[in-house]
Amino acid sequence: MANLQYVLHKGNKNTGSLKFVQPEAMQAVLEFHNGIAGYAQTPLVSLPNLAKQLGVGQIFVKDESARFGLNAFKALGGSYAIARYLCGKLNIPVDGNSFNVLCSEEAKAKLGTVTFVTATDGNHGRGVAWAAKLLGHKAVVYLPEGSSQERLNNIRALGAEAEITKFNYDGAVRLAYAMSRKHGWVLVQDTAWSGYEEIPTWIMQGYTTMAQEITAQLNGITPTHLFLQAGVGSMAGAVLGYFASLWQNNLPVTVICEPDKAACLYKTAAANDGTLHKVTGRMNSMMAGLCCGEPCTVSWDIINNFANAFIACSDYYAASGMRLLGMPQSGDARIVSGESGAVTAGVLAALMQDPELAQLRNELGLDENSRVLLISTEGATDKVNYLKVLSGKWKPENK
Ligand SMILES: Cc1ncc(COP(=O)(O)O)c(C=O)c1O
């Protein structure tokens, strides 16, 4: 069923929340990624014909499917956090040469073999496994119940010890934390909570490379609207925070999109009572990357200050976005976008075309002059489901 709920939001625009995503300091993060063998900027694709069809001025989609050959943006965070941790042990800064330094025999001799542990819906764990392997360390990865075999296999293929647990995402995070304490492993988790904030902050800084690339690729154009999908909100907070620092009063109207089964940020914004609200239990949305029930404390501060609206929507919108991007208007480029990557495109289309959403469209000021920025955060990370959706065999009640 198509289900879309929204809440408008007015933040305090407190720039104090932006202290760790300042553009000048983030340059070193981009330089670090640039120094990794195989780094290449991912494309920012303009879709003029889709824009015309939907009645907006321009649509730009950052296509993360080619990131480091891993099919999602996530390795930006894991790789930077692992490098920060290891460089910290060596007492050296992270810069464009860090990757080479950390790969050297001398560094390895000093560091020994470190085991990094994490919980993941798939993409983050794949990034951590990849970075650990490249740098000659170990990774242990826990996936939530119901995770796809393809995602598990991709992580194991990178040499990590990985298993599908009987917990939801948040339970798998608790397991990873407990195992890190028990075995002395380093927890590299992509979400923060009180008392565990340093590494998640580094992960968010790693994500700013996407925003830095986008800024260069836009070549002076400032979007009027930004749609960001969220699980725990680390990605949305990092990107929104970077742009809020950079564009200040020209910050685009920003809409945060989540699956209705795991809409912890929406719930927190709707309650607006100064506390974080959780979603518990089984979160059975096909947007696996967004099935997280507990907001990231560090990123919420940014999102709360700068986001303009929160949307909780059903899988119908993810499927719609996958088809819009995967079977494009003639003349537009094709973007292979997975469930979590495509949901914002589906939401944008609904906002422009569904008469029942006209009020929200007007509130957000979406019209023929709008320049909309979307991030397709993953490619087809569950190929079986991707083909089902694009072939029209997927029905909302399938999942
Ligand atoms: C493809 C994809 N998009 C978006 C997200 C959301 O990121 P966050 O959990 O930081 O909100 C994830 C998280 O795993 C993801 O895998």
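Because only heavy atoms are used, hydrogens play no part in the values below, and waters and symmetry mates are left out as well, while side chains stay in. As the structure lists them, so they are numbered: ligands from 1, and atoms in each ligand from 1.
Nearest non-hydrogen protein atom to atom 3 (N) of ligand 1 is T377 OG1, 2.7 Å. Nearest to atom 9 (O) of ligand 1 among the protein's heavy atoms is V232 N, 3.1 Å. For atom 13 (C) of ligand 1, the closest non-hydrogen atom of the protein is G289 O, 3.0 Å. Nearest protein heavy-atom neighbour of atom 5 (C) of ligand 1: L290 CD2, 3.5 Å. Of all protein heavy atoms, the one lying nearest to atom 16 (O) of ligand 1 is N123 ND2, 2.7 Å.
With respect to the salt-bridge test (charged N to carboxylate O, under 4.0 angstrom), the residues R151 and D121 do not qualify. Classification of E161 and K138 as a salt-bridged pair fails, no side-chain N sitting under 4.0 Å from a carboxylate O. Taking the charged nitrogens against the carboxylate oxygens, E294 and R174 do have a contact shorter than 4.0 Å, which makes a salt bridge. Taking the charged nitrogens against the carboxylate oxygens, E378 and R126 have no contact shorter than 4.0 Å, which rules out a salt bridge.
Those atoms of ligand 1 that come under 4.0 Å of a heavy atom in D121, given as number and element, are 13 (C), 14 (O), 16 (O). Against a heavy-atom cut-off of under 4.0 Å, S340 is close to the following atoms of ligand 1: 1 (C), 2 (C), 3 (N). Heavy-atom proximity to E378, at under 4.0 Å, picks out these atoms of ligand 1: 1 (C). Close contacts between ligand 1 and G231 involve ligand atoms 6 (C), 8 (P), 9 (O), 11 (O) [criterion: under 4.0 Å to a heavy atom].
Between K261 and M283, the shortest heavy-atom distance links the atoms O-CG, 3.4 Å. Nearest heavy-atom pair, A37 versus F99, reported as atom, atom and distance to 0.1 Å: N-CE2, 3.6 Å. Here the closest non-hydrogen pair linking Y169 and C291 is CB-O, 3.4 Å.
Between S234 and ligand 1, at least one pair of N/O atoms sits closer than 3.5 Å. Residue-to-ligand polar distances place M235 within reach of ligand 1: an N/O pair is separated by less than 3.5 Å. Checking only distances, F73 never comes within under 3.5 Å of ligand 1, N or O to N or O.
Contact annotation: for K74 versus ligand 1, heavy atoms closer than 4.0 Å belong to the side chain alone. Residue-level proximity to ligand 1 for T191 is absent, since no heavy atom of it falls below 4.0 angstrom.
A donor-acceptor pair under 3.5 Å links the side-chain atoms of T268 to the main chain of H277, judged by distance alone. The closest donor-acceptor contact from the side chain of N49 to the backbone of S330 lies under 3.5 Å.
Ligand 1 lies within reach of A230, whose nearest heavy atom is under 4.0 Å from it.
Distances from atom 8 (P) of ligand 1 to the heavy atoms of G233, G122, A72 put G233 nearest.
For the pair M322 and M327, the minimum side-chain heavy-atom distance is 4.5 Å or more.
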